[in-house]
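What you are looking at is a predicted structure, and each value in this text was computed from that prediction instead of being measured. Naming: A, B, ... by sequence-line order, numbering from 1 per chain.
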2 protein chains.
Amino acid sequence: MTNIHDIARLAGCSVSTVSRVINHQKYVADDKRAKIEAIMRELDYVPNRMARDLSNGQTKTVGVVLPYANHPYFARIIDGIVSAGFAAGYKITMLPTNYDVTVERRYLDQLRSKAYDALIFTSRSSSLATLERYRKYGQIVCCEDPGDERPLAAAFTDRLASYINALAWAKRQGYQTMGVVLSRNNLISASTRTTRAAYEQVYGDLAPEKLFTGAVTYDDGYRAGAYFANLTPPVEAIFVNGDNIAAGVHQFFVDHDCQPLPVIGQENLLTSRILKFSTIDHHLEALGEAAFRLAIGSSTTHELIKSEFIKR
Amino acid sequence: MTNIHDIARLAGCSVSTVSRVINHQKYVADDKRAKIEAIMRELDYVPNRMARDLSNGQTKTVGVVLPYANHPYFARIIDGIVSAGFAAGYKITMLPTNYDVTVERRYLDQLRSKAYDALIFTSRSSSLATLERYRKYGQIVCCEDPGDERPLAAAFTDRLASYINALAWAKRQGYQTMGVVLSRNNLISASTRTTRAAYEQVYGDLAPEKLFTGAVTYDDGYRAGAYFANLTPPVEAIFVNGDNIAAGVHQFFVDHDCQPLPVIGQENLLTSRILKFSTIDHHLEALGEAAFRLAIGSSTTHELIKSEFIKR
DNA sequence: GCTTGACCTGGGACCGGTTTCATAAACTAT
DNA sequence: ATAGTTTATGAAACCGGTCCCAGGTCAAGC
């Protein structure tokens, strides 16, 4: 591989001058510049990215931490991040965790070792305190509402408001009892916390039998449908944490000739459009774009993305 | 930031010895090793990734070139690549092109500048000849059948066989005329070429009026549905280049109270499951995993992934 | 006693760039 | 004529590691 020294030697000048030409800086004589450029072209020379990055102390790379790549929720966020990153000339690296805290920690250590300029957590298993400790090694952006304390940069949707809005609408439609389907039943998950809070505000206490947890996929939703089909007394509608999961719930009713309970989904995926149930569109692409802006250092440290309730 | 020289100074030894400790090499006295490890822990030291990469001449990074991230076809391949990459300790970087050849060229130049160890083209706009010219700067993997000439590594599905299989099945079912929906009507797209070839083998010449092109999304499929609904003489079934697009075709018929024409989709997405139409599952995750293996240098240079026809 | 080889350690070149600083020539202003 | 500024260039330190090689110690083998 030809390097900057080769170019300098062939051009009969110093590497400093070549470097100036590469970076389009002033103070290079026109003829010398032309000559160096000609030699670079002739030798098919491209400056080594790693060397530049090392010298500049930056990678122009942002890591995206996510549980798994094949989930529409994360896919949409990633789409936004990748688009914004592309426009800004940044590289986006995918960092899957499978919800393993150890793996998350490994990525944080990579941030420390300057493998990335910043890290975006689309979801997290580590505590906020842990994340804050790594803040000094690079920007860290969360994709959740930080609440009152705002130590970390965050891009988030107005989940609570949109959940309350959707549930209140359902109640006005006459659904007096409401079942809930969630993914994880722990308190780290912002989605879980917020759903419970919204539910309590509209429907009061969330009775344990009205809650089905552990739902991530269509098949999980199918099982949730089975659960609610056999529940006595039955609920009148179900609030589900994702359109594909809601589609599973719906499909169970169809497959078993039950009167389908109305479901409300999230993400506004194709499935809700096809099966014509209401859903909340969180505008996740916009969320991803905002997260990226925060990652490479915007003046603000928090961005709220407005959700949209799609009644069907 | 503390670096290896700081550690060496504090430990009263040379950087060589510290480097040996970092890399768990032999020939370091036990007490000295313990001391160095203690100091590293105390100072919260992590070796700089960029410096190591520069010195080693590798990045442990593979770039994935794709038109756009939010398409299920590419999402599934990426899923496979990311999983395999994670297992092998590699970083996966997303490189969107929007089918812009200029952008593709830019990524090839980044390969030249050692920004990645390898590049995986899930789709390409550049010619194979162009890709081959960049082969010497790093491994390049295509996700398409290379045919007779096999200069580049490739992971691909048995498209032709699976298309013929699906179309032949449809013909046996009694569908004597078949419409076709495709994305791009050019010869670079392997999918387009192969579909035409399979069609000709089963149904003979593909009459222009039986072909609808430019379909990438559900809405495109909806338009395709409108097209075939008004076609005279009508076709008896439609072979579509993706489940979500096929869902759009189907939905047009439903929305307009036509007798829905049977559709055959691809990718075995949730939509085909819900709407219960037949589809070809190309096992794209497996394809992605194979592509990654080829990217980091497997003994073989070509891998064929078997498709599966799902009759519904 | 001498050779041999395993073990331990450090100096310094090297990976391929960027950047500071010193130097000098050419030009401008007094 | 002199001081001050702009332009042009190169030497060398630096970013933070890896690794080859030279040199030294020490015990086993003959």
Exercise for the section: Please report, rounded to the nearest Å, how far the P atom of D:dG17 is from the CZ atom of B:R9. Expected result: 13 Å
Handout entry: Set of residues satisfying side-chain contact (heavy atoms from CB on, under 4.5 Å) with respect to A:D30, sequence neighbours excluded
Key = none
Problem - Start and end of chain B contact along DNA chain C [non-hydrogen atoms, under 4.0 Å] - result: C:dC7 to C:dG16
Practice task
State which residues pass ring pair (Phe, Tyr, Trp, His ring centres under 6.0 Å) with B:F156; sequence neighbours excluded, sorted by chain then number.
Solution key: none
Exercise for the section: Kindly write out the residues that satisfy ring pair (Phe, Tyr, Trp, His ring centres under 6.0 Å) with B:Y73, not counting sequence neighbours, or none if the list is empty. Expected result: none
Fill in the blank from the handout: In whole angstroms, the gap separating P of D:dT18 from CD1 of B:I7 amounts to 13 Å
Handout entry: Counterpart residues, side-chain hydrogen bond (donor to acceptor under 3.5 Å, both in side chains), relative to B:R52 (two or more places apart)
Key = B:N23
Handout entry: Distance, rounded to the nearest Å, where B:D53 contributes CG and D:dG17 contributes C1'
Key = 10 Å
Practice task
Apply side-chain contact (heavy atoms from CB on, under 4.5 Å) to B:L10 and list each qualifying residue two or more places apart in sequence or on a separate chain.
Solution key: B:I39, B:L43
Exercise for the section: Evaluate the criterion side chain to side chain donor-acceptor pair (under 3.5 Å) for residue pair A:S126 and A:E104; output intermediate values, then yes/no. Expected result: CA-CA 7 Å; A:S126 313; A:E104 264 190 36; 2.5 Å; yes
Practice task
In whole angstrom, give the distance that lies between atom CG of B:N48 and atom C1' of D:dC14.
Solution key: 13 Å
Exercise for the section: Send over the distance from B:M50 CE to D:dC14 P, rounded to a whole Å. Expected result: 18 Å
Problem - Aromatic contact, A:Y90 with A:F292 (centres under 6.0 Å) - result: yes
Handout entry: B:N3 CG to D:dT18 P, straight-line distance once rounded to whole Å
Key = 12 Å
Exercise for the section: Could you pull out all residues at least two apart from B:D158 that satisfy salt bridge (charged side-chain N to carboxylate O under 4.0 Å, His left out)? Expected result: none
Fill in the blank from the handout: salt bridge (charged side-chain N to carboxylate O under 4.0 Å, His left out) filter on A:D100, not counting sequence neighbours, yields none
Exercise for the section: Please name all residues satisfying ring pair (Phe, Tyr, Trp, His ring centres under 6.0 Å) with A:F86, sequence neighbours left out, ordered by chain then number. Expected result: none
Problem - d(CG, A:L54; C1', D:dT18) in whole Å - result: 13 Å
Practice task
To the nearest 10°, let me know how far the axis at one end of the helix from C:dG1-D:dC30 to C:dT30-D:dA1 is tilted from the axis at the other, five pairs an end.
Solution key: 40°
Fill in the blank from the handout: Residues in residues 12-40 of chain A with a heavy atom under 4.0 Å of DNA chain C, by number, are A:S16, A:S19, A:N23
Fill in the blank from the handout: Hits for side-chain contact (heavy atoms from CB on, under 4.5 Å) against B:A29, two or more places apart or cross-chain, chain-then-number order -> B:D31, B:K32
